[in-house]
Amino acid sequence: MSEPWATIYAEVWEDLVRYLDRKVWDPERARDLAQEAFVRALRADPVPEAPRAWLFTVAANLARDEARSALRWRGRLRLVDAEERDRREPPLPDSELEATERRRDVAAALDALSERDREVLLLWQAGLSYGEIAAASGLAEGAVGTTLSRARWRLVEAWTRIGASEETGGAPR
Amino acid sequence: MAHLDDGRLTAWLDGALSPESPGGEVVARHLSACADCRSRLEEERSLRTRSGEILAAADLAPSSAPEFAEIVARARAGRTGQTGPGRPRGRGSRGSRPASPGMGLAWAASLALAVGAGWIARDLSRERGVPLPPAMRPPAAELEERAVPEPGAAAADRLGAPRAAAGRAAAEAELREETAPARRDASKAGHDADADPVAAEDVSVRTERAAAPLTRLATGVASDAFHAPPDAAGLAVAAVAGHAAVGCWSRPAGTGVAALLPAIRLTDERAPTAKAGGAEATVLGFRVVATGGAAGAVARWAPFGPDSVWIGAEGNGTMRLRVSGDRLDGRMLLREPTRGEAVEGAAPRGAEAPEPASVAWRRVPCGP
């Protein structure tokens, strides 16, 4: 039951967590979802042909389902006194602030991409091959190169735009 | 000779085209003969490097992986854990009803602010404002269509109509006040509204120091997308002399997330600029909405017509605010997350934001 997952686990865990973190922007949650993805992998019978691609597809679905289900509130919203909240959550130290802001900027840059471009880029970043990216994203393998090229360009472009806007105080046209 | 397209160059660069394959041979041969394509290959390479660096900027310190044996044990135990997807769930947000009464999956709250004063709620569902350029139309049209299942709309009306009279009166009174006492007066307006029987939750006014991550936005640096940290709950309306801002946040129920709305400060100088073409706004801050405890959501905003601002939060909700004279009217919808709905547009520039400490926040009920 464990093979090939045991090997894949050792190789891919960090990449999978990072991949999920780029979707849910929460490292704790990303770890939970990554574990969940592996649990499902271990239960998959038979073992899928492109196991890493399958794993990342499952992870992407988990992240997406999570985002959807999060909207289904149960019960009434409970208002929290802002003072109470401030007491419980002291302000972040500068180093964390910087990281938060950086992540915010990366998220914003990623958000400038189309869903497909973003997905392919994240899968590449996670170390998947073109064949695996095609399998996980549904793209034809021949289209992966074009998509990646465009995605990288858009990301850099968006990042530049964000950086420029922060310097001048407004997004440039 | 025909040059190599970006896709093939990239595939070659990424090692997806083996030199032995027919496709690879073509590329290798062409590259050896074509300096242009060689330099384009280097461009692709540096694009790859650069985009990798950008993505890496979001990395946090990695933590150790759980023992694989633990995961095996979980898989064998037959429990899928506490994650959201394991629970039975409905599909889509339209038309489905929540388990608990009174809480729709998507709900609309109409609210409007008077600058420097209390607030007025008004249902804008039938107002479309000026015709929009086609590029800006789709999100709004989608919002209006996808809006609100019955409970939400009913709640919005409940929220809207009865408060309107009290709020409007308070607002008009406020507008005649000096700016200096505006903070105190805002609190009076708040208490007036409190007396309204429809106000279901605690409403209070206090001076709140904005959380540190907001400071950057509050200094007048605006970007057209930003990332919200998780935060507490409620609907906040900020009234600052000469400006209005609104933010909404909700406490997550369990691992659920609620609504992200940015707090926006609108300047009262609506000098049209070449870029914004109308209302200027600076994002002052924002509140919760992280999905499943996520660190935040990305929100975008853009000019929406000559006098309004559209704010969309990825994964959560949107709010459209219209500046009308010195009033800020808005409608907020909470809906399922979709990507790519942000409207491209310049981020308007705003004047320096006031010190966070001078912002007076009012909490009002959020949602039905």
Side-chain angles (χ1 to χ4, degrees), chain A residues 2 6 9 13-14 18 24-27 29 32-33 35-36 38-39 42-43 62 65-75 77-80 82 85 91-92 97 100-104 106-109 111 114-115 125 130 145-146 148-149 152-153 155-156 159 162 165-166 169-171 173, chain B residues 6-8 10-11 16 47-48 50-51 54-55 57-58 60 62 65 68 71-72 74-75 81 83-85 89 99-100 103 105 201 208 212-213 220-227 232-234 250-251 253 256-257 275 291-296 298 315 336-337 339-340 346-347 349 363 366-367:
Chain A
S2 321
Y9 182 78
W13 171 259
E14 269 194 40
R18 192 179 305 118
V24 301
W25 294 101
D26 179 347
R29 204 62 198 130
D32 288 345
L33 292 174
Q35 278 199 46
E36 180 64 27
F38 270 105
V39 165
L42 285 165
R43 292 187 185 148
L62 287 174
D65 289 347
E66 161 132 325
R68 281 189 187 149
S69 73
L71 282 178
R72 294 179 185 110
W73 304 345
R74 299 276 188 243
L77 296 175
R78 186 170 70 85
L79 296 181
V80 169
R85 181 209 62 208
L92 295 172
L97 270 191
T100 303
E101 283 175 359
R102 263 204 315 277
R103 281 164 68 81
R104 175 200 72 185
V106 174
D111 203 53
S114 73
E115 173 147 6
Q125 207 62 25
Y130 273 39
T146 314
L148 261 182
S149 172
R152 288 166 180 166
W153 166 243
L155 184 75
V156 172
W159 181 259
I162 288 169
S165 85
E166 283 168 358
R173 277 279 184 170
Chain B
D6 291 342
R8 265 195 298 178
T10 306
L47 255 188
R48 181 178 70 177
R50 189 73 190 106
S51 60
I54 292 167
L55 288 172
L60 298 170
F68 186 66
I71 307 218
V72 173
R74 264 182 67 189
T83 57
R89 61 190 185 278
S100 32
M103 185 67 70
L105 285 177
E201 295 284 346
E208 173 182 300
V221 174
S223 57
D224 62 342
F226 54 91
H227 200 213
S250 318
R251 173 165 284 284
V257 168
K275 296 178 182 180
T291 62
V298 177
E336 276 218 354
R339 276 185 175 278
R349 223 165 281 200
R363 277 183 296 116
C366 189

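So that the names make sense, note that chain A is the first sequence line, chain B the second, and so on, each numbered from 1.
Looking at residues two or more places apart in sequence or on another chain, you find a side chain to side chain contact (heavy atoms under 4.5 Å, CB included) between B:T10 and A:Y130, A:L148, A:S149, A:R152, B:D14, B:E44. Here A:E14 pairs with nothing under the side chain to side chain donor-acceptor pair (under 3.5 Å) rule; sequence neighbours left out.
If you measure heavy-atom distances from A:W13 to chain B, the contacts under 4.5 Å come from the side chain alone. Contacts between A:Q125 and chain B at a heavy-atom distance below 4.5 Å involve the side chain alone, from C-beta outward.
Counting only heavy atoms from C-beta outward, the side chains of B:F68 and A:L42 approach each other to under 4.5 Å. Within the 4.5 Å cutoff, the side chain of B:R74 has no heavy atoms near those of the A:F38 side chain. Two residues are said to be in side-chain contact when any heavy atoms from C-beta on lie closer than 4.5 Å; A:R18 and B:L55 fail this criterion.
Across B:L47, B:I54, B:D6, the residue that shares the most heavy-atom pairs under 4.5 angstrom with chain A is B:I54.
B:A57 approaches A:V106 most closely through the heavy-atom pair CB-CG2, 3.9 Å.
Listed for the A:R103 side chain is a donor-acceptor partner under 3.5 Å among the backbone atoms of B:A58.
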